[in-house]
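To start, the structure under review is shown below, and the notes come after it.
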Amino acid sequence: MRTLHWFRNDLRLQDNPGLALACEQGEVLPVFIFDTDEPAESVPGAASRAWLDRSLRALSSSLGGGLLVLKGSAEGLLPDLCHRYSIDAVTWNRSYEPFAIARDTRIKQSLKADGLTVTSSNGALLYEPWESVKKDGTPYRVFTPFYKHCRANLATRAPINLKTKRLRLVPLEGPSNVDALHLTPSVPWDETMLSDWAPGEAGALARLEAFLASGIGSYRLGRDYPAQQSVSRLSPHLHFGEISPHLILARLADAPIDDNLEHFVKELVWREFAHHLLYHFPELPSKNLQEKFDWFPWVEDPVRLKAWQSGQTGYPIVDAGMRELWQTGSMHNRVRMIVASFLVKNLTQHWHHGLQWFWDCLVDADLASNSASWQWCAGSGADAAPYFRIFNPITQGQRFDPDGTYTKRFLPELEALPKQYLFDPWNAPHDVLSASGIVLGKDYPAPIVDVKSSREHALQAFAEMKRRAML
DNA sequence: TAGCTCGTTGGACAA
DNA sequence: TTTGTCCAACGAGCT
């Protein structure tokens, strides 16, 4: 029997239920298709494409070059492949994005009509989105009850060990090369961006072990400090399915049960919650979950948006974060909240702008997590933050980067500035600035908004939204 | 059912 | 310097 395993966001061999099933049934034809039918909201951004390129090369290599890589309409290509390679069955692991659900349903029907056996499995989530609903059958909208429900009532499975020796691959008709996808940019900025990452299954497993060895022990408190190495940095690996959450959970079983561990598990469940929200509210990437936010008086200001994107706002902790994003394809979680709050509240710009920029720049860009997180920051989402919770970029910097190590790493022009002025350089006396070799507005921007008055403006905008929504 | 509690990540200000 | 309190009000979720 010959089974085609359609790789999507499950670019790994271990704990891959679809692949394991295919392997049990006989010969396997492993296929990856860069689907050109995807809508704009799902097409990977530039940073993600660069990661995908490396990840596919790693997967192809671990399959001895036996991965068939194609670009085109998955819906059109799959029936043709099945015919050409005399395929009897097709397996894949489920994707929960609205487009993928609709596409996969159509493909399943069509292949079944052709007499093939089609099986989809859960390779990406600890809990199926339709399992985690309230007693009345409606989806959870608040994280904490969702978390308690999942942990108390839903079982997770053990990882599936693939005996790679038993993997028998169908010989390809011709050469297949990741190069054909043209996923990397013509100017090779991706090489420096990815220099600190190791895309692929081996890199993901190594990252998990490194985190268990040196990060998780101080996770609960350390995760708030961007200069520390206390976060897992597993998100891009999870997004591309280079590692499964089940495998992570199983590996955590060996670690001592304490606050740090429970906090990390909570973060894994936040990922589940984002997928749960996207599944139940497919318009999450574009529409305010709370309708009253349709009345919010957003400001369109391309100049300030550009300053935010390029890390030139004049607020060092914001600029450090935005430059980290540009340079590394990632940003520390604490700083993500600070820059998001700055865009949405201090600049009162629509969260769509932030979502779009993150989508293009992040190597871990994920439709569910990105959409749910931006809506959370904007206050328009489920379980929203109160509107008056506006991060102050000065005090956040002082509190969470007290030595300025993180900020100075990405703003070398402020290297000589004493840390007492690092987060509000415009308040530094002239002689301190000149001794530090800084002319504000030349070496480093003057602040593009006043944090106090822009906070007042944001609060007024929320009041205005409520007034309009009431009418 | 009706009532109660709580909501991932904060800021400002007073004491 | 640290700690406590208020900032609104509403709806989700639970008992």
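Every chain is numbered from 1, with letters handed out A, B, ... down the list of sequences.
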Reckon S341(A) touches a base, only the sugar-phosphate, or nothing at all at heavy-atom distances under 4.0 Å?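 It contacts nothing in the nucleic acid.
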
Answer with base, sugar-phosphate or nothing: what part of the nucleic acid does E456(A) contact at a heavy-atom distance below 4.0 Å? nothing

Listed partners of E201(A) passing side chain to side chain contact (heavy atoms under 4.5 Å, CB included), at least two apart: R12(A), L13(A), Q14(A), L205(A)

Compare the minimum distances between each of [options] and the side chain of [X], then state the nucleotide with the smallest one.
X       : options                  : result
Q396(A) : dT9(B), dC14(C), dG11(B) : dG11(B)
V142(A) : dA12(B), dA12(C), dT9(B) : dA12(C)
D224(A) : dA9(C), dT9(B), dG13(C)  : dT9(B)
R334(A) : dG13(C), dT9(B), dA9(C)  : dT9(B)
K452(A) : dG11(B), dT9(B), dC13(B) : dC13(B)
R141(A) : dT9(B), dG11(B), dG13(C) : dG13(C)

Tell me yes or no: between the side chains of [X] and [Y], is some donor less than 3.5 Å from an acceptor?
X       : Y       : answer
D401(A) : T407(A) : yes
S380(A) : Q290(A) : no
E131(A) : H149(A) : no
Y406(A) : E324(A) : yes

Ignoring hydrogens and geometry, is there a side-chain-to-backbone donor-acceptor pair from E242(A) to G200(A) under 3.5 Å?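 The answer is yes, because a donor-acceptor pair under 3.5 Å joins these two groups.
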
Report the distance from atom [atom1] of [X] to atom [atom2] of [N], rounded to the nearest whole Å.
X       : N       : atom1 : atom2 : answer
R389(A) : dA9(C)  : CZ    : P     : 17 Å
H276(A) : dA12(C) : NE2   : C1'   : 12 Å
M337(A) : dG10(B) : CE    : P     : 7 Å
Q398(A) : dA12(B) : CD    : C1'   : 14 Å
N392(A) : dG11(B) : CG    : P     : 6 Å
K266(A) : dG7(B)  : NZ    : P     : 9 Å
R399(A) : dG11(B) : CZ    : C1'   : 8 Å
L459(A) : dG10(B) : CG    : P     : 16 Å

Euclidean distance for P, dC6(B) against dT5(C) (whole angstrom):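 Looking at atom P only, dC6(B) and dT5(C) are 16 Å apart.
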
Expressed as a whole number of Å, how far does the P atom of dA8(C) sit from that of dC13(B)?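 Their P atoms lie roughly 14 Å apart.
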
Cation-pi between R323(A) and F410(A): NZ/CZ under 6.0 Å from ring centre and within 45° of the ring axis?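 No, R323(A) and F410(A) do not form such a contact.
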
Can you check whether Y147(A) has a side-chain N or O nearer than 4.0 Å to OP1 or OP2 of dC6(B)?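 It does not, given that no N or O in the side chain of Y147(A) lies less than 4.0 Å from OP1 or OP2 of dC6(B).
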
Does Q290(A) make a side-chain N or O approach to OP1 or OP2 of dC10(C) shorter than 4.0 Å? no

From the list H332(A), Q396(A), R334(A), side-chain hydrogen bond (donor to acceptor under 3.5 Å, both in side chains) partner of D224(A) resolves to R334(A)

Pairing annotation in dot-bracket form, given for DNA chain C with Watson-Crick or G-U pairs under 3.5 Å and | for cross-strand partners: .||||||..||||||

